[in-house]
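Report on one structure; see the data block that follows.
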Protein chains: 2
Amino acid sequence: MYTMQKKAQATTSDRVPAPEVNFQTCPFLASTGVLGKKWTLLILWVIALLRIKRFNQIRRSIPGLTSRVLVMRLHELEKSGHIEALIVKESPRVVEWTLTEKGTDTIPILMSIMNFTIKWYPDEVFGDNKSHTMNELFPETEYPR
Amino acid sequence: MYTMQKKAQATTSDRVPAPEVNFQTCPFLASTGVLGKKWTLLILWVIALLRIKRFNQIRRSIPGLTSRVLVMRLHELEKSGHIEALIVKESPRVVEWTLTEKGTDTIPILMSIMNFTIKWYPDEVFGDNKSHTMNELFPETEYPR
DNA sequence: CCGCATCCAAAATGATACTG
DNA sequence: CAGTATCATTTTGGATGCGG
């Protein structure tokens, strides 16, 4: 429960949370880093939660994502240290993409997003229209922190 | 702690988490909704955590954000039900933007992002280079869930 | 000053085909 | 299989203006 919500007699002079945080320069929030770009979180979800490691498998698991954008995002994520490429074999080339420690630390973000989505967009993410909770879906996972 | 990380003898036939979730259609992850677009989370941060409600104050608090994009995002966020406009006065028009319940539910997402950022990008978000934790920064807030 | 519209340039992304 | 190359389309940036 957030205590910062407006109470009956609350005024606008309530404490401003964490003014010492330069939120404007957060690479994700400001979309200056790869995490703020289109398709990135979906790609991370696939690698992190579905454990899909291969280029074309990732692409096929995300309808609408093209090779062009996928290869851009993978290389950006590699450069930013979220994922690593393991060259399994050359000619025909086989590459496996896996999370680094930094990439693993994005999982709570993905979880908090999905937690929001299953509450506000259940029709979009469930075929059966039943209500679901994160604990039901990810029973062995503590999230998001 | 996530139990889905690879253990020594783990194989790729480990359980795939939550196959019943159509993650591809999550509006945020897929960037089909406003939350996935550039500047949106920064705008929500300002309204939610800094409690800034006015158009030009929001704009000035986010360097680089133009009127054009701000007005687009505010109206998109209004349409999607994350924020509400309160017309305080006409001529000159004064509008106050505040979070709805749905918008309030995005705060855990913002928190998990900042939690990630203060770990991996401390130089970008702190001026003093000291180490910080979320509990230190948001003492009265339980987060992210 | 306020919120917001218009115009045009630049950047990001989509579609399709192709290569080692 | 894992990417490239090319071109069309969409989204965003920047300047400017405008009625209240």
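Below, read A as the first sequence line, B as the second, and so on, with proteins coming before strands; counting in each chain starts at 1.
Nearer to the 5' terminus of DNA chain D, by closest-nucleotide assignment, is the contact made by A/E96 (compared with the other of A/E96 and B/G64). Mapping A/R73 and B/F55 onto DNA chain C via the closest heavy atom, the residue that lands nearer the 5' end is B/F55.
A close approach under 4.0 Å does occur between a side-chain nitrogen or oxygen of A/K38 and OP1 or OP2 of C/dG14. Taking side-chain N and O atoms only, B/R68 has no distance below 4.0 Å to OP1 or OP2 of C/dT6. Residue B/W39 places none of its side-chain N or O atoms closer than 4.0 Å to OP1 or OP2 of D/dT11. Phosphate proximity of D/dA2 to A/R54: present, with a side-chain N or O under 4.0 Å from OP1 or OP2.
A/R73 and A/E76 are joined by a salt bridge, as a carboxylate oxygen and a charged side-chain nitrogen come within less than 4.0 angstrom of each other. Comment: A/K119 engages B/E101 in a salt bridge, judged by a side-chain N to carboxylate O separation of less than 4.0 angstrom.
Atom-to-atom, CE of A/M72 to P of C/dG14 comes out at 10 Å; the value is rounded to the nearest Å. The nearest whole Å value for the distance from the CG atom in A/L70 to the C1' atom in D/dG3 is 9 Å. Rounded to whole Å, atom C1' of D/dT4 lies 11 Å from atom NE2 of A/H75. For A/I47 and D/dA2, the CD1 to P distance is 12 Å, given to the nearest whole Å. Rounded to a whole Å, the CD atom of B/E76 is 10 Å from the P atom of D/dT11. Summarising the geometry, the separation between CG on A/L65 and C1' on C/dG14 is reported as 11 Å, rounded to the nearest angstrom. The nearest whole Å value for the distance from the CD1 atom in A/I43 to the P atom in C/dT13 is 10 Å. One interatomic measurement links the two molecules: CD1 of A/I87 to P of D/dA2, which rounds to 10 Å at whole-angstrom precision.
Between B/Y121 and B/F116, the ring-plane angle classifies as tilted under the 30° and 60° cut-offs.
Considering only side-chain atoms of B/K37, the nucleotide from D/dT12, C/dA15, D/dT4 that sits closest is D/dT12. If you check C/dC2, C/dC4, D/dG3 against the side chain of B/R60, the one that comes closest is C/dC2.
A/F28 and A/L41 make their closest contact through CZ-CD1, 3.8 Å (heavy atoms, listed as atom of the first residue, atom of the second, distance).
In this structure, the side chain of B/T117 does not engage the main chain of A/C26 through any donor-acceptor pair within 3.5 Å.
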